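So the structure is just underneath, and the comments pick up after that.
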Number of protein chains: 2
Amino acid sequence: MMYYTVGEMAKRLGVAPSTLRYYDQEGLLPFVERSEGGIRVFKESDYEWLQVISCLKKTGMQLRDIKTFIEMAMQGDQTIEPRLALITKQKESVKAQIAELEETLRTLEFKEWYYNTAKENGTTSVPRNMTLDELPEEFREVRLNLRGE
Amino acid sequence: MMYYTVGEMAKRLGVAPSTLRYYDQEGLLPFVERSEGGIRVFKESDYEWLQVISCLKKTGMQLRDIKTFIEMAMQGDQTIEPRLALITKQKESVKAQIAELEETLRTLEFKEWYYNTAKENGTTSVPRNMTLDELPEEFREVRLNLRGE
DNA sequence: TCTTGACTTCAAGTTGACTTTAAGGTGTAT
DNA sequence: ATACACCTTAAAGTCAACTTGAAGTCAAGA
């Protein structure tokens, strides 16, 4: 069986060793064992826990809430339902985040068109003063929103 | 013509007045004028600037970089090209963020299936010990990644 | 005119997630 | 046995983006 030090595991995950020590200190890594001399010993299975922590972090979840999830997982099968509920909630949150970023993307695409048009004409006053029906149909709603209806 | 105080504009944008004062202090709102008595007077056109700032913030851009963009905009038509470049770069960044969130979403969907299966069987050991070909095809790659190939 | 509520500035405090520093211990290779 | 790289903890420092507090000013209504 393969074991890792904090430095090796950090490298594998692409994070700083101090980050893993900080997570451990915050109670996110109760599964990590220690050697006789007090050195952290990461097992192969710990990698999967760290990947799950990383996944939850990417959803924007705070460390304190990830800790709650890990603590539930440590209690075993009696916490399956709340863990499922937490995952489902986070899944919905990510869907909402994607929707918001797609909205932001539409605004940026409008702005890109805006500056491309400005560049072609040498001035922003051309795209700025266009009437609604002069601009590409897909940007009309975006501009209305930017200007507050 | 319609004018707003900091409190009114903050309400319209759904942020705290202190946030707008902070942005002003950081140089993000050079376009905001003042009354005789020194009170900020927001014009209708300032709303659009604030919406653009809000859009860039949603892309994860830092205030100092948003400030650079605003400063370029204040210089007028000679900065059209760098502004276009900045918008295009940010657009690519948002696309990458969406792609990453979609990857995260797939992992969460796997975890949701995992805990649903655990719930049905009363134990996580059922989904955990499944062989690759026992799990739904769309989750195989996700599990391989979680476990580090 | 006076009250009231919202405005002003400046400075200091908060939050979350790390990172750094200092002082010292571990473990492996020669 | 002695380097040497890497490990340990505790405490302090950093950063971005606000938020709060104190002390005072402005403007509209009674």
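Residue numbers start from 1 in every chain, and the chains themselves are labelled A, B, ... in the order their sequence lines are given, proteins ahead of strands. All values reported here derive from a predicted model rather than from experimental measurement.
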**OP:** Give B:Gln62 one of three labels, base, sugar-phosphate or nothing, depending on what nucleic acid heavy atoms sit under 4.0 Å from its own.
**Re:** sugar-phosphate
Original post:
Under 3.5 Å, is there a donor-acceptor pair between the side chain of B:Lys43 and the main chain of B:Phe31?
Top reply: yes
Original post:
What nucleotide among D:dC7, C:dT19, D:dA17 has an atom nearest to a side-chain atom of A:Ser18?
Top reply: C:dT19
Original post:
Do any side-chain nitrogens or oxygens of A:Lys11 fall under 4.0 Å of OP1 or OP2 in D:dC6?
Top reply: no
Original post:
Tell me: CG of A:Asp24 to P of C:dC18, nearest whole Å?
Top reply: 14 Å
Original post:
With respect to the phosphate group of D:dA27, does any side-chain polar atom (N or O) of B:Ser35 fall under 4.0 Å of OP1 or OP2?
Top reply: yes
Subject >> Whole angstrom value for the distance that separates P of C:dG25 from CZ of A:Arg40 >> reply: 17 Å
Original post:
Should the pair A:Arg143-A:Glu134 be classified as a salt bridge under the 4.0 Å nitrogen-to-oxygen rule?
Top reply: no
Original post:
Salt bridge check: are A:Lys89 and A:Asp65 linked by an N-O gap of less than 4.0 Å?
Top reply: no
Subject >> Any B:Tyr23 side-chain nitrogen or oxygen under 4.0 Å from OP1 or OP2 of D:dA17 >> reply: no
**OP:** Let me know the distance between CZ of B:Arg21 and P of C:dC7, rounded to the nearest Å.
**Re:** 6 Å
**OP:** Round to the nearest Å and state the distance from A:Leu20 atom CG to C:dA17 atom C1'.
**Re:** 13 Å
**OP:** Starting from P on D:dT25, measure out to CZ on B:Arg34 and report it in whole angstrom.
**Re:** 16 Å
**OP:** Could you tell me the separation between the NZ atom of A:Lys67 and the P atom of C:dG16, rounded to a whole number of Å?
**Re:** 13 Å
Subject >> Between CG on residue A:Asp77 and OG1 on residue A:Thr79, distance to nearest 0.5 Å >> reply: 7.5 Å
**OP:** Taking only the side-chain heavy atoms of A:Tyr22 (C-beta and beyond), determine which of C:dC18, D:dC18, D:dT19 contains the nearest atom.
**Re:** C:dC18
**OP:** Would you mind telling me which residue lines up with the more 5' stretch of DNA chain C, B:Glu8 or A:Arg64, judged by nearest nucleotide?
**Re:** B:Glu8
Subject >> Protein-nucleotide distance (B:Leu29, atom CG; C:dT8, atom P), rounded to Å >> reply: 12 Å
**OP:** Starting from the 5' end of DNA chain D, give me the residue, B:Ile39 or B:Leu63, whose nearest nucleotide shows up first.
**Re:** B:Leu63
Subject >> Polar side-chain atom of B:Glu81 near backbone of A:Lys119 as donor-acceptor pair, under 3.5 Å >> reply: no
Subject >> Which nucleotide in C:dT8, C:dG27, C:dC18 has an atom nearest any side-chain atom of B:Val6 >> reply: C:dT8
Original post:
Roughly, in whole Å, what's the span from CD1 in A:Ile53 to P in C:dC18?
Top reply: 11 Å
